[in-house]
There are 2 protein chains.
Amino acid sequence: MGKGDDTRTAILDRGVRLATRVGLEGLTIGRLATELKLSKSGLFGHFRSKEALQIQVLDAAAERFVDEVVKPAVREPRGEPRVAALFDRWLAWTKSNSGPGGCLFVASAAELDDRPGPVRDRLVALQKGWLEMIAIIFRTGVTDGAFRPDLDPEDFAHDLYSVMLGFHHAARLLRDPRAEDRAHAAFGRLLSTARRPR
Amino acid sequence: MGKGDDTRTAILDRGVRLATRVGLEGLTIGRLATELKLSKSGLFGHFRSKEALQIQVLDAAAERFVDEVVKPAVREPRGEPRVAALFDRWLAWTKSNSGPGGCLFVASAAELDDRPGPVRDRLVALQKGWLEMIAIIFRTGVTDGAFRPDLDPEDFAHDLYSVMLGFHHAARLLRDPRAEDRAHAAFGRLLSTARRPR
DNA sequence: CCTACCGATCGGTAGG
DNA sequence: CCTACCGATCGGTAGG
């Protein structure tokens, strides 16, 4: 790993933080360069287009997301503990990137949903991957006998993500102190619907 | 109503549409002026700052939202029919401002949640008003005996809005054809929890 | 409502 | 990785 790679890593790290605050569109090359004490063209050389920078920032965030949210959850036992860990880690991720920040993917979703192009395509792929990960984790719980086998894992993933989006909105825009309690309550109701009766 | 007022109305109308597509930050004076075949400074004169334009665009959207979503719902009988009408109208609003577009308030939420200032303050006030409207409509249903009196109307409002946000994400970013079915199913579950047992 | 203009910043290029 | 630069666009002002 040479010096160029270090610089690249530093750029992407800072880029994730900046984009989380100001959006992927607000992530300008000039501003990012100033924050890193690089020249604009020096930074630009690492990418070649703003679009490439945006996509690589999304990928860098996804990598961190897997490390901080997905991997720790998958270490938990299948079924409820694993789903609960996924949910708690997601809340922690959103709060930690959150003073200020929030979740880059949620922030980008509304920003990009009407702007066709490779950046949007990448975000869509990442979000579908995330929903699929939730569905897989639910499915292993079905196999283990923890969850009802007649439920659609993708429905469950959609419903769980709705709870997360509701939390993000209440906590980050409205600064509602009850946001987390409500998220936990909604999660509990979702789980009790999914639990296999015995 | 003089000619100046007509122009103003036309500007705000177009501004709502443009901001829904490109965000409140992407709503530039120059672009809006070009679309309306006005000079930049001619348009600018109606407002005096971009911030004032953004706030008035939010207010104009809120006015339309009340006409298209809230008022028709309130004409329905209290309890379930009224809540169901509110939900259906909201879905229709999001879809109609949606080819392309979506809901300006949802789009602005993630964009502004980290940018303190009067525009954010206005959006927060409008969103709190919307959640309060849901809570009030729920409360009249409690009074009428349709909904459980031991539920917190603001919890209900939060949970209903979570379902809406989940729909927005699935429909607009992921273009998921099952988004609407899932939203209706989640709404049905929410209602069955809220229904007063008899 | 207009033309004409301001300084700042944008993404990107030339050339080293 | 840099300086120096390009044309385009930004929010906003002067003056009418």
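Reminder, nothing fancy here: chain letters follow the sequence lines and each chain counts from 1. Any value given below was found using the heavy atoms of this structure, including those in side chains, with hydrogens, waters and symmetry copies removed. In this text the structure is predicted, and so the values were computed from the model without any measurement.
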Could I get the full list of side-chain contact (heavy atoms from CB on, under 4.5 Å) partners for [X], not counting sequence neighbours?
{"X": "B:Arg31", "answer": "B:Leu18, B:Arg21, B:Val22, B:Thr28, B:Glu35"}
{"X": "A:Phe65", "answer": "A:Val69, A:Val70, A:Trp90, A:Trp93, A:Phe105, A:Trp130"}
{"X": "A:Thr143", "answer": "none"}
{"X": "A:Arg75", "answer": "A:Lys71, A:Pro72"}

Original post:
Is any NZ, NE, NH1 or NH2 atom of the basic residue among B:Asp114 and B:Arg120 found under 4.0 Å from an Asp or Glu carboxylate oxygen of the other?
Top reply: no
**OP:** Anything below 3.5 Å on both distances counts as a pair; with that, list the stems of at least three consecutive Watson-Crick or G-U pairs involving DNA chain D.
**Re:** C:1-16 with D:1-16
Between [N] ([atom2]) and [X] ([atom1]): distance, integer Å:
{"X": "A:Leu38", "N": "D:dT3", "atom1": "CG", "atom2": "C1'", "result": "14 Å"}
{"X": "A:Asp6", "N": "D:dC1", "atom1": "CG", "atom2": "C1'", "result": "14 Å"}
{"X": "A:Leu32", "N": "C:dT9", "atom1": "CG", "atom2": "P", "result": "16 Å"}

**OP:** Could you list by number each residue of residues 41-52 of chain B showing a heavy-atom separation from DNA chain D of less than 4.0 Å, or answer none if no residue does?
**Re:** B:Ser41, B:Phe44, B:Ser49, B:Lys50
Subject >> Counterpart residues, ring-ring contact (aromatic ring centres under 6.0 Å, His included), relative to A:Phe187 (two or more places apart) >> reply: A:Phe87
Original post:
Residues two or more places apart in sequence or in another chain: which of them pass ring-ring contact (aromatic ring centres under 6.0 Å, His included) with A:Phe47?
Top reply: none
Original post:
In residues 24-31 of chain A, which ones come under 4.0 Å of DNA chain C, going by heavy atoms?
Top reply: A:Thr28, A:Ile29, A:Gly30
Subject >> Set of salt bridge (Lys or Arg N to Asp or Glu O under 4.0 Å) partners for B:Glu80, sequence neighbours left out >> reply: B:Arg195
Donor-acceptor contacts, no H, no angles, side chain residues 54-62 of chain B, under 3.5 Å, sequence neighbours left out:
residue, atom, partner, partner atom, Å
B:Gln54, NE2, B:Leu24, O, 2.8
B:Gln56, OE1, B:Arg8, NH1, 2.8
B:Gln56, OE1, B:Arg8, NH2, 3.0
B:Asp59, OD1, B:Arg122, NE, 2.9
B:Asp59, OD1, B:Arg122, NH2, 3.4
B:Asp59, OD2, B:Arg122, NH2, 2.8

Sequence neighbours excluded and cut-off under 3.5 Å, please list the side-chain donor-acceptor pairs for residues 153-162 of chain B, or say none.
residue, atom, partner, partner atom, Å
B:Glu154, OE1, A:Arg178, NH1, 3.4
B:Asp155, OD1, A:Arg182, NE, 2.5
B:Asp155, OD1, A:Arg182, NH2, 3.3
B:Asp159, OD2, A:Arg189, NH2, 3.0
B:Tyr161, OH, B:Gln127, OE1, 2.8
B:Ser162, OG, B:His158, O, 3.0

